[in-house]
There are 2 protein chains.
Amino acid sequence: MSEYSQKRLLSRNTFSEATESVLRDMVLGGSLQPGERLNEVSLASSLGISRGPLREAIQRLVSEGLLTVISHRGAFVRTFSRPEIVELYELRGALELHAVRLACARATDAELEDLETMLADTADRMRDTDPAYPQEPDFHLRLVLLAGNQALMRSALEVQRQLSLARSMSAQRPTRARAAVVEHGDLVAMLRRRDVEEATALMTRHLDHSMDSAIAALGLPGGDGKPEGDTRQNRSENDI
Amino acid sequence: MSEYSQKRLLSRNTFSEATESVLRDMVLGGSLQPGERLNEVSLASSLGISRGPLREAIQRLVSEGLLTVISHRGAFVRTFSRPEIVELYELRGALELHAVRLACARATDAELEDLETMLADTADRMRDTDPAYPQEPDFHLRLVLLAGNQALMRSALEVQRQLSLARSMSAQRPTRARAAVVEHGDLVAMLRRRDVEEATALMTRHLDHSMDSAIAALGLPGGDGKPEGDTRQNRSENDI
DNA sequence: TTCCTGTGAACTGTTGACAGTTGTCAGTTG
DNA sequence: CAACTGACAACTGTCAACAGTTCACAGGAA
């Protein structure tokens with residue numbers, strides 16, 4: 001019963017909540033492509049539920065920024081234009097720079113040590129096999145966790161998910177991952193020294209590199225977000 | 001037709017969307033008290049709709065942080081504990097400090113001048129009548145707007161709404177409002193000089209003062225957020 | 001040919017009813 | 001008197017059907 005109630009802490013016992021999670025995985029996992037339309041009747045029947053709980057789950061994913069709804073036309077997996085991605089990276093910078101400041105003051109040495117070992121494990125796994133981005137976002141989220149602010153954590157998680165979706169519009173760039181791990185290590189080292197100035201400076205540069213890489217990988221044209229790469233993009237997203 | 005289509009940009013033409021707006025006003029306006037339970041059948045019938053669109057609106061307000069849903073027990077207006085409010089102010093700091101940095105680099109002199117005149121108007125109106133917080137959040141949101149980042153704007157708006165709800169749990173403190181206007185003026189002055197360092201420092205202090213005032217006004221006990229003062233907060237402004 | 005128009009299928013928005021859960025309260029037992 | 005138990009009422013979760021809108025396509029006019 002212990003691990004059962006553990007799982008039930010999030011009370012995944014209504015169709016609506018379960019569907020939200022399934023839908024999010026489908027969106028972030030790529031089984032629903034950016035721009036693709038969600039057909040309510042077919043999706044509901046394939047999930048074995050009715051349209052009511054499905055629509056409630058859709059509403060929540062709209063608030064999360066993963067879906068877009070146009071009245072009387074349906075729900076679409078969100079697409080991102082180049083300026084929107086730049087905006088998201090700026091927002092991410094606002095959140096994570098503050099997280100660095102807070103973590104520098106609040107994180108215990110033990111917590112930072114845990115982060116270092118996780119980082120070392122990641123580096124090891126990357127050297128053996130070479131997956132493209134082996135849990136890359138996990139480091140940032142764990143760092144934000146050390147800031148000890150749940151509201152900040154929720155916002156950061158939401159931005160990460162949106163950027164993760166935006167990134168799924170692009171090809172992967174494994175070369176960037178290796179540099180990122182090094183930069184993560186430098187950042188943690190500064191945190192251990194409690195050097196706020198240097199830590200925030202490192203994070204700023206790190207996020208700049210990350211954004212440049214993402215933008216380049218996306219291969220988006222100048223103004224609006226028409227994807228023209230290999231991905232079979234069927235829909236263009238709407239306006240705000 | 002022009003102003004009609006202007007209004008229709010947000011396409012408030014489905015019950016679900018209209019209900020979301022109405023519910024938000026009820027929560028922020030105080031006609032639904034923090035901690036109060038929302039009875040779906042009575043609320044739906046009083047709004048003249050069925051439970052479907054109402055439930056969809058509730059889901060979105062849950063994502064916004066204004067409501068809480070407990071499975072099989074219902075939706076409740078969110079209450080805030082003291083540490084949650086501190087967290088929200090920290091998050092607000094992260095967002096608005098970054099907004100100050102961006103605005104310092106991007107806002108045009110004309111835009112800053114507009115902000116100054118708005119501020120002067122507010123000061124005038126405060127001297128004549130003395131409302132407690134005359135559009136206090138408006139200044140901050142307009143400032144964030146000058147950062148030219150819609151994602152940042154959305155996050156800041158969401159935090160503002162949650163803090164607005166938290167504040168409705170408290171009595172009002174008109175004395176703080178006057179000091180706030182002065183601090184706003186100082187901040188805009190630094191923005192006009194494009195002095196990022198001083199501007200962010202001012203904003204940091206300003207938010208600290210604001211948080212101290214809010215915490216003191218809330219008079220919350222140590223741990224949880226049981227609302228104990230009943231102030232009927234009249235209006236909160238609506239969306240953009 | 002090109003553009004306009006109207007018709008119909010497909011889909012979303014909404015509703016009312018049914019099913020399952022929760023909380024209450026009277027009745028009972030120690 | 002206190003604690004437990006079981007049934008009832010109220011409410012939420014879910015479903016299937018109806019209503020209104022959108023989109024595509026066939027047919028006709030310029």
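Quick note on labels: first sequence line is chain A, next is B, and so on, each numbered from 1. Fair warning: this is a prediction, and the values are worked out from it, not measured in the lab.
Residues B:His98 and A:His98 keep their aromatic ring centres 6.0 Å or farther apart.
In this structure, the side chain to side chain contact (heavy atoms under 4.5 Å, CB included) partners of A:Tyr89, at least two apart in sequence or on a different chain, are A:Ile85, A:Arg92, A:Leu163, A:Arg167, A:Ser210, A:Met211, A:Ala214. Applying the side-chain hydrogen bond (donor to acceptor under 3.5 Å, both in side chains) test to B:Arg73 and every residue at least two apart in sequence or in another chain returns nothing. With sequence neighbours left out, A:Asn39 forms a side chain to side chain contact (heavy atoms under 4.5 Å, CB included) with A:Val41, A:Ser42. The side-chain hydrogen bond (donor to acceptor under 3.5 Å, both in side chains) search around A:His209 returns A:Glu183, not counting sequence neighbours. Every residue was checked against the side-chain hydrogen bond (donor to acceptor under 3.5 Å, both in side chains) condition with A:Glu87, not counting sequence neighbours, and none meets it. With sequence neighbours excluded, the residues forming a side chain to side chain contact (heavy atoms under 4.5 Å, CB included) with A:Ser31 are A:Met26, listed by chain and number. When the side chain to side chain contact (heavy atoms under 4.5 Å, CB included) test is applied to B:Arg37, the partners found at least two apart in sequence or on another chain are B:Phe76.
In this structure, the helix from C:dT1-D:dA30 to C:dG30-D:dC1 shows an angle of 10° between the axis at its start and the axis at its end, each fitted on 5 base pairs and rounded to 10°.
Chain A approaches DNA chain C within less than 4.0 angstrom (heavy atoms of the protein), and the contacting nucleotides run 5' to 3' from C:dC11 to C:dT14.
Summarising the geometry, the separation between CZ on B:Phe15 and P on D:dG20 is reported as 11 Å, rounded to the nearest angstrom.
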Polar atoms only, N or O, under 3.5 Å: list the protein pairs with nucleotides 16-19 of chain D and their distances.
none

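Residues from residues 38-49 of chain A that place a heavy atom under 4.0 Å from any atom of DNA chain D, listed by number: A:Ile49.
Within the structure, salt bridge (charged side-chain N to carboxylate O under 4.0 Å, His left out) contacts touching residues 57-71 of chain B (residues at least two apart or in different chains) are B:Glu20-B:Arg60, B:Arg24-B:Glu64, B:Glu64-B:Arg161.
When only modelled atom types and interatomic distance are considered, A:Glu17 and A:Thr14 share a side-chain donor-acceptor pair under 3.5 Å.
Using cut-offs of 30° and 60° for the angle between ring planes, the B:His206 and B:His140 rings count as parallel.
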